[in-house]
Engineer: 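Here's a structure for you.
Note that these values count all heavy atoms, side chains included, but never hydrogens, waters or copies made by symmetry. Here is the naming used below: chain letters follow the sequence lines, and residue numbers restart at 1 for every chain.
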Amino acid sequence: MPELPEVEVCRRGVQPGVEGQVLLGAVARVPRLRLPVPEGMDRILAGQRVAAVRRRGKYLLFDCRGGATDGTLIIHLGMTGSLRFVPPGTPASRHDHVDLLFASHVLRFSDPRRFGVVLWQASGEPAHPLLAVLGVEPFDEGFTGEWLHAALRRRAAPVKPVLMDSHLVVGIGNIYASESLFRAGISPLRAANRISAGRCERLTAAVCETLSDAIAAGGSSIRDYVHSDGGAGCFQVDCAVYDRAGQPCRRCGGVVRQVRQAGRSTYWCPGCQH
DNA sequence: CCGACAACCTGTGAGC
DNA sequence: TGCTCACAGGTTGTCG
């Protein structure tokens, strides 16, 4: 799935075919993904106009207006979720769980592992609990070295799993956590609260650069990720350390190593990262 | 409060 | 060819 760059690429790919369009309805073929799909989604969405497609962390937000129940459709792609446009009437295959129906096309949500989420948030309701607990956006002004330094003070765990904690910062998944730390020259094993203010400054910059580069490259191409138009991303070929265990570091020539942290694979170059 | 871990699912590739 | 196992982009809840 999709970390922040893939979700942002997905948002930009989907936006032209959705914004300003009127929904004829929706089809849900499964009662639940990671969480239950909203009851009566077809009735809720039918007749609404999609005013905007936004992103918060790894969540896509479709603002819907014009119905009796204005609100926001929330979609999370989980590990293997994807959105793509198909012509009306296209038969659904095994993992095509939800369709958003427009007059001239269908936006189809597919997700083999079903770790994704589709939710409805009516206007006026308090922020959905899943969104309310999210941390700062990497591209927001609040994501500074000073802020990160303060946030890491309380965390004794290795910095890599902390960097992936969406309650602190959103959008940094397993790939870009390793890549950002490589770019910043910081070992993923280093205790979060033992990173200097100066290196936190460097780390926030590295995170933003890594994510921006990935967005510019069109997202990652790992396994089943596809763009809304069906084309594969191409970022992974440029990974400095992720999934490169045993191979030479592109910067110093040393051997890239792999370790397991909090149940996830981490990759780093001991020669470049301390 | 913090952190490690299991759980939620299916698919794929490696090894036998 | 076919079986079994480990592992894969995320997040939440539980337990120590």
Side-chain angles (χ1 to χ4, degrees), chain A residues 1-11 29-37 55-60 74-83 93-98 109-119 128-135 138 150-180 188-194 207 210-211 214-215 217-227 232-239 241-246 258-267:
Chain A
M1 152 242 79
E3 301 184 30
L4 186 150
E6 290 74 30
V7 177
E8 178 60 21
V9 168
C10 178
R11 188 190 71 79
R29 301 185 184 81
V30 290
R32 61 178 293 132
L33 296 161
R34 182 161 63 82
L35 298 171
V37 174
R55 178 187 60 72
R56 172 74 173 107
K58 297 170 185 169
Y59 293 87
L60 287 168
I74 303 169
I75 294 182
H76 191 288
L77 302 175
M79 292 270 251
T80 53
S82 62
L83 288 172
S93 45
R94 189 150 137 73
H95 302 300
D96 296 339
H97 305 308
V98 175
F109 174 72
S110 184
D111 183 8
R113 289 179 75 177
R114 280 181 271 149
F115 287 171
V117 153
V118 176
L119 300 168
H128 194 283
L130 287 180
L131 300 182
V133 297
L134 293 180
L152 296 188
R153 284 190 72 144
R154 280 166 267 134
R155 309 294 292 266
V159 62
K160 192 262 194 169
V162 174
L163 203 55
M164 291 175 63
D165 184 353
S166 62
H167 302 102
L168 277 186
V169 195
V170 296
I172 307 168
N174 202 40
I175 296 178
Y176 301 121
S178 284
E179 292 297 304
S180 298
L189 308 178
R190 175 172 288 274
N193 59 10
R194 293 190 51 250
V207 165
T210 301
L211 297 179
I215 292 170
S220 164
S221 68
I222 294 184
R223 300 182 206 283
D224 34 15
Y225 174 73
V226 287
H227 288 218
C234 51
F235 179 74
Q236 201 205 1
V237 295
D238 292 331
C239 275
V241 288
Y242 182 82
D243 205 23
R244 295 195 66 242
Q258 175 179 6
V259 71
R260 205 139 185 98
Q261 293 182 294
R264 315 297 298 276
S265 283
T266 298
Y267 302 85

Engineer: Regarding A:R154, tell me which of base, sugar-phosphate or nothing describes its non-hydrogen contacts under 4.0 Å with the strands shown.
Structural biologist: sugar-phosphate
Engineer: Please answer whether the main-chain N or O of A:R55 pairs with a side-chain N or O of A:E8 as donor and acceptor at a distance below 3.5 Å.
Structural biologist: no
Engineer: Answer with base, sugar-phosphate or nothing: what part of the nucleic acid does A:R32 contact at a heavy-atom distance below 4.0 Å?
Structural biologist: nothing
Engineer: What's the CZ-P distance between A:R155 and B:dC2, to the nearest Å?
Structural biologist: 6 Å
Engineer: Does a side-chain N or O of A:R264 approach OP1 or OP2 of C:dC7 to a distance below 4.0 Å, or not?
Structural biologist: no
Engineer: Hey, what do you get for OG (A:S178) to CE (A:M164), rounding to the nearest 0.5 Å?
Structural biologist: 8.0 Å
Engineer: Under 3.5 Å, is there a donor on one side chain and an acceptor on the other for A:T266 and A:R260?
Structural biologist: no
Engineer: Can you tell me, in whole Å, how much space there is between the C1' of C:dG9 and that of B:dG3?
Structural biologist: 22 Å
Engineer: A:F115 stacking on B:dC8: centroids under 5.5 Å, ring planes under 30°?
Structural biologist: yes
Engineer: Roughly how many Å is it from CD in A:Q261 to P in C:dG10, rounded to a whole number?
Structural biologist: 14 Å
Engineer: Start at the 5' end of DNA chain B and walk down; is the nucleotide closest to A:R34 or to A:H95 reached first?
Structural biologist: A:R34
Engineer: Measure the distance from CZ on A:R260 to C1' on B:dC5 and round it to the nearest whole Å.
Structural biologist: 11 Å
Engineer: Pick the closest DNA chain C nucleotide for A:R113 and for A:L130 by heavy atoms, then say which residue is nearer the 5' end.
Structural biologist: A:R113
Engineer: When you compare B:dC9 with C:dC3, how far apart are their P atoms, in angstrom units rounded to a whole number?
Structural biologist: 24 Å
Engineer: Just call it for A:S166: base, sugar-phosphate, or nothing, with non-hydrogen atoms closer than 4.0 Å on any strand.
Structural biologist: nothing
Engineer: The side chain of A:H76 lies closest to which of these nucleotides: B:dG11, C:dG10, B:dG3?
Structural biologist: C:dG10
Engineer: Atom CZ of A:R114 to atom P of C:dG10: distance rounded to whole Å?
Structural biologist: 19 Å
Engineer: Would you please confirm or rule out a distance under 4.0 Å between OP1 or OP2 of C:dG9 and any side-chain N or O of A:K58?
Structural biologist: no
Engineer: Send over the distance from A:Y267 OH to C:dG9 C1', rounded to a whole Å.
Structural biologist: 12 Å
Engineer: Rounded to the nearest 0.5 Å, how far apart are CD of A:E3 and CG of A:N174?
Structural biologist: 7.0 Å
Engineer: For A:S265 and C:dA8, is the shortest distance between a side-chain N/O and OP1 or OP2 below 4.0 Å?
Structural biologist: yes
Engineer: May I ask you to decide if A:R114's main-chain N or O and A:H97's side chain share a donor-acceptor pair within less than 3.5 Å?
Structural biologist: no
Engineer: Whole angstrom is fine here: how far is it from CG in A:D96 over to P in B:dT10?
Structural biologist: 15 Å
Engineer: Roughly how many Å is it from CG in A:L35 to P in C:dT11, rounded to a whole number?
Structural biologist: 12 Å
Engineer: Can you tell me if CZ on A:R32 sees more than 12 non-hydrogen neighbours from other groups inside 6.0 Å?
Structural biologist: yes
Engineer: Just how far, in rounded Å, is P of B:dG3 from CG of A:L152?
Structural biologist: 10 Å
Engineer: Run the side-chain contact (heavy atoms from CB on, under 4.5 Å) check on A:T210 and A:V207 step by step: do they pass?
Structural biologist: CA-CA 5 Å; A:T210 301; A:V207 165; 5.9 Å; no
Engineer: For the atom pair CD1 (A:I74) and CG (A:L131), what is the distance rounded to the nearest 0.5 Å?
Structural biologist: 4.5 Å
Engineer: Strictly below 4.0 Å: does A:Y242 bring a side-chain N or O up to OP1 or OP2 of C:dG9?
Structural biologist: yes
Engineer: Which range-with-range stems can be found for DNA chain C when each stem has 3 or more Watson-Crick or G-U pairs in a row and both distances sit under 3.5 Å?
Structural biologist: B:2-8 with C:10-16, B:10-16 with C:2-8
Engineer: So what does A:G173 touch, heavy atoms closer than 4.0 Å: a base, only the sugar-phosphate, or nothing?
Structural biologist: sugar-phosphate
